[in-house]
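Lettering follows sequence order; numbering is per chain, from 1.
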Amino acid sequence: MTATTEFTPQPPSEPMSATSTAAGTTAAAVPDQHGGELPVLHPAVNLWFTAHARDLPWRRPEAGPWGVMVSEFMLQQTPVARVLPVYEQWLARWPRPADLAAEPSGEAVRAWGRLGYPRRALRLHGAATAITERHGGDVPSEHAQLLSLPGIGEYTAAAVASFAYGQRHAVLDTNVRRVIARAVTGVEYPPNATTAAERRLARALLPEDTETAARWAASSMELGALVCTAKNPACGRCPISAQCAWLRAGKPPHEGPARRTQTYAGTDRQVRGRLLAVLREAVTPVPQRELDAVWHEPVQRARALDGLVSDGLVEPLAGGVYRLPQS
DNA sequence: TATCCGTGGAG
DNA sequence: TCTCCAAGGAT
């Protein structure tokens, strides 16, 4: 962490604190560590959350830490609507980490269905195994222990610790990053990769009180998902529109190069997806020729299959036959 | 740090 | 149609 870039709340020409004379800025602001001031966002957002939070199964008390953890894996880069049915089936089949760990990883890959990024299924199975072996079958509550599990990075560790155990962590997902970028920094979008400045800012915005902080983690994420959306933000329904630096600045469009749009058609990813789809549906091992039918170009096809094997998503058997991993 | 890794709904 | 993108992680 040798970043030298200091966070600048906004250009000097853009007043943002409650002490300024800007009309409409009535909420409190607190000094930050750089001589500027930060808006206090959590009261309004937490109140908004009380009225507008979606009733999602992993938010119910009965979900428990395992339910929260499963949902976080599934929600990585995947919309809520598509996760819901798979989540319900998953928890019904594997209500505890040990239940999943007792089955071959291939069953996790199969149950993952078409959620995408099937390596997540493999990692979730690996995490369940580690939890069973190292943590007595209980999802660990400490951030560092969560972080050491496969498939759990900075975001997911903070999310599980906060949502499942009520701890105080800066939970920086794409929604929260966007909310902060707009409301505080005054720009339309956050940087491509999470920066040290963003982490600092997220920590500075975290309420002192633990319960309030945990609620803020969920409420700020929900605000980004429902109101402060990437494309057409509903600023008219935003509880902190009066404090939003981006709105105050006239919603200036994103500067700099557009995010490189990821192509999909014709890529290895598409080929991998087709190959795995065949294997997911198959009850018995699949002969090579059935896999060959999903893609015309032999070099790319072979490369994709090799990749799946080396990733542990596919198990090659003798005689050119393949199946989901039985280990 | 840039790139890779799936999928499908919305505008 | 086509582009964007949805609660990231690993390398």
Chemist: Among residues at least two apart in sequence or on other chains, which ones pass side-chain hydrogen bond (donor to acceptor under 3.5 Å, both in side chains) with A:T212?
Modeler: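 Result, side-chain hydrogen bond (donor to acceptor under 3.5 Å, both in side chains) vs A:T212: A:D209.
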Chemist: For B:dG6, take OP1 and OP2 only and decide whether either is under 4.0 Å from a side-chain N or O of A:R272.
Modeler: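 For A:R272, the contact criterion (side-chain N or O under 4.0 Å from OP1 or OP2 of B:dG6) is met.
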Chemist: Would you mind telling me which residue lines up with the more 5' stretch of DNA chain C, A:E72 or A:R123, judged by nearest nucleotide?
Modeler: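 Upstream on the strand: A:E72.
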Chemist: So what does A:W58 touch, heavy atoms closer than 4.0 Å: a base, only the sugar-phosphate, or nothing?
Modeler: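 Base, at least one base atom sits under 4.0 Å.
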Chemist: Which nucleotide in the set C:dA7, B:dG8, C:dC5 lies at the smallest distance from any side-chain heavy atom of A:R82?
Modeler: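 Per side-chain heavy atoms of A:R82, the pick is B:dG8.
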Chemist: Separation of A:N192 atom CG from B:dC4 atom C1', in whole Å?
Modeler: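 About 15 Å, once rounded to whole Å.
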Chemist: Without swapping roles, check the side chain of A:E211 against the backbone of A:G166 for a donor-acceptor pair under 3.5 Å.
Modeler: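 Not at all, since once roles are kept as given, no pair shorter than 3.5 Å links the two residues.
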Chemist: Tell me the interatomic distance from A:L146, atom CG, to C:dG9, atom P, rounded to whole angstroms.
Modeler: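 About 11 Å, once rounded to whole Å.
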Chemist: Give a yes/no answer on whether the side chain of A:Y155 brings an N or O atom under 4.0 Å of OP1 or OP2 in C:dG9.
Modeler: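 Looking at the OP1 and OP2 atoms of C:dG9, neither is under 4.0 Å from any side-chain N or O of A:Y155.
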Chemist: To the nearest angstrom, how far is A:Q300 atom CD from B:dC4 atom P?
Modeler: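 Atom CD in A:Q300 sits about 13 Å away from atom P in B:dC4.
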Chemist: Whole Å only: how far is the CG atom of A:N232 from the P atom of B:dA10?
Modeler: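 After rounding, the reported distance stands at 14 Å.
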Chemist: So do the side chains of A:P140 and A:L149 get within less than 4.5 Å of each other, counting heavy atoms only?
Modeler: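 The answer is yes; the side chains approach within 4.5 Å.
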Chemist: The side chain of A:R119 is closest to which nucleotide in this list: B:dC5, C:dA7, C:dA6?
Modeler: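 From the listed options, B:dC5 comes nearest.
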Chemist: What is the nucleic acid contact for A:R177, judged by heavy atoms within less than 4.0 Å: base, sugar-phosphate only, or nothing?
Modeler: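 Contact class for A:R177: none.
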Chemist: Which of the following nucleotides, C:dA7, C:dC4, C:dA6, is nearest to the side chain of A:A230?
Modeler: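 Of all the options, the side chain of A:A230 is nearest to C:dA6.
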Chemist: Ignoring backbone atoms, establish whether A:R280 has a side-chain N or O less than 4.0 Å from OP1 or OP2 of B:dG6.
Modeler: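 No, A:R280 has no side-chain N/O under 4.0 Å of OP1/OP2 on B:dG6.
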Chemist: Can you work out whether A:R59 or A:I152 has the more 5'-proximal nearest nucleotide on DNA chain C?
Modeler: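 Going by which nucleotide is closer to the 5' end, it is A:R59.
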Chemist: Tell me, do A:V109 and A:L279 make a side-chain contact under 4.5 Å, heavy atoms counted?
Modeler: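 Side chain of A:V109 against side chain of A:L279, heavy atoms only: no contact under 4.5 Å found.
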Chemist: Ignoring hydrogens and angles, are the base of C:dG8 and the side chain of A:T174 linked by a donor-acceptor pair under 3.5 Å?
Modeler: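 Answer is no: no donor-acceptor pair is held.
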Chemist: Regarding A:F73, tell me which of base, sugar-phosphate or nothing describes its non-hydrogen contacts under 4.0 Å with the strands shown.
Modeler: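 Nothing: the residue A:F73, judged by heavy atoms under 4.0 Å, touches no strand.
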Chemist: Which pair of non-hydrogen atoms, one from A:L124 and one from A:M69, has the smallest distance, and what is that distance?
Modeler: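 Looks like CD1-CE, 3.9 Å.
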Chemist: Is the shortest side-chain N/O distance from A:Q77 to OP1 or OP2 of C:dA6 below 4.0 Å?
Modeler: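 For C:dA6, OP1/OP2 do not have a side-chain N/O of A:Q77 under 4.0 Å.
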Chemist: Could you tell me how far B:dG6 sits from C:dT11 if I compare only their P atoms? Round to whole Å.
Modeler: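 Comparing P positions in C:dT11 and B:dG6 gives a spacing of 14 Å.
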Chemist: Between C:dA7 and B:dT3, how far apart are the P atoms? Round to whole Å, please.
Modeler: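 It works out to 23 Å between them.
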Chemist: Can you tell me if A:R114 touches the phosphate of B:dG8, counting only side-chain N or O atoms and a distance under 4.0 Å to OP1 or OP2?
Modeler: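 For B:dG8, OP1/OP2 do have a side-chain N/O of A:R114 under 4.0 Å.
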Chemist: Return whichever of A:Y117 or A:K231 has its heavy-atom-nearest nucleotide of DNA chain B closer to the 5' end.
Modeler: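 On the 5' side of the pair lies A:Y117.
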Chemist: Look at all strands and tell whether A:L56 reaches a base, only sugar-phosphate, or nothing, counting heavy atoms closer than 4.0 Å.
Modeler: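 Here A:L56 touches the bases of the nucleic acid.
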Chemist: Give the rounded distance in Å between these two atoms: CG of A:L149 and C1' of C:dG9.
Modeler: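 Those two atoms, CG and C1', are 13 Å apart.
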Chemist: Under 4.0 angstrom, heavy atoms only, what part of the nucleic acid is A:D268 near: base, sugar-phosphate, or nothing?
Modeler: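 Contact class for A:D268: sugar-phosphate only.
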Chemist: Report whether A:L226 and A:L247 are members of the same hydrophobic cluster (ILVMFWY, side-chain heavy atoms less than 4.5 Å apart, transitive linking).
Modeler: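 No.
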Chemist: Which nucleotide sits closest to the side chain of A:T261: C:dC4, B:dG6, B:dT7?
Modeler: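 In terms of side-chain proximity for A:T261, the closest of C:dC4, B:dG6, B:dT7 is C:dC4.
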Chemist: Between C:dG9, C:dA7, B:dG6, which one does the side chain of A:E222 approach most closely?
Modeler: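 My answer, after comparing the listed nucleotides, is C:dA7.
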Chemist: Taking the side chain of A:Q76 as its heavy atoms from C-beta onward, which of B:dT7, C:dG8, C:dA7 lies nearest to it?
Modeler: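 Given the options B:dT7, C:dG8, C:dA7, the side chain of A:Q76 is closest to C:dG8.
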Chemist: Would you indicate what A:G153 reaches in the nucleic acid, counting non-hydrogen atoms under 4.0 angstrom: base, sugar-phosphate, or nothing?
Modeler: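 The answer is sugar-phosphate, as A:G153 gets under 4.0 Å only of primed atoms, P, OP1 or OP2.
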Chemist: For residues A:E72 and A:Y155, is any side-chain donor paired with an opposing acceptor at under 3.5 Å?
Modeler: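 A pair is found: one side chain offers a donor N or O, the other an acceptor, under 3.5 Å apart.
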Chemist: For A:E154, answer base if it contacts any base atom (sugar-phosphate contacts may also be present), sugar-phosphate if it contacts only those atoms, and nothing otherwise; contact means non-hydrogen atoms under 4.0 Å.
Modeler: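 Here A:E154 touches the backbone only, sparing every base.
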Chemist: What's the CG-C1' distance between A:L308 and B:dC4, to the nearest Å?
Modeler: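 So the two atoms are 13 Å apart, to the nearest Å.
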Chemist: Side chain of A:Y189: nearest nucleotide among B:dG6, C:dC5, C:dA7?
Modeler: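 Within the option list, the nearest is C:dC5.
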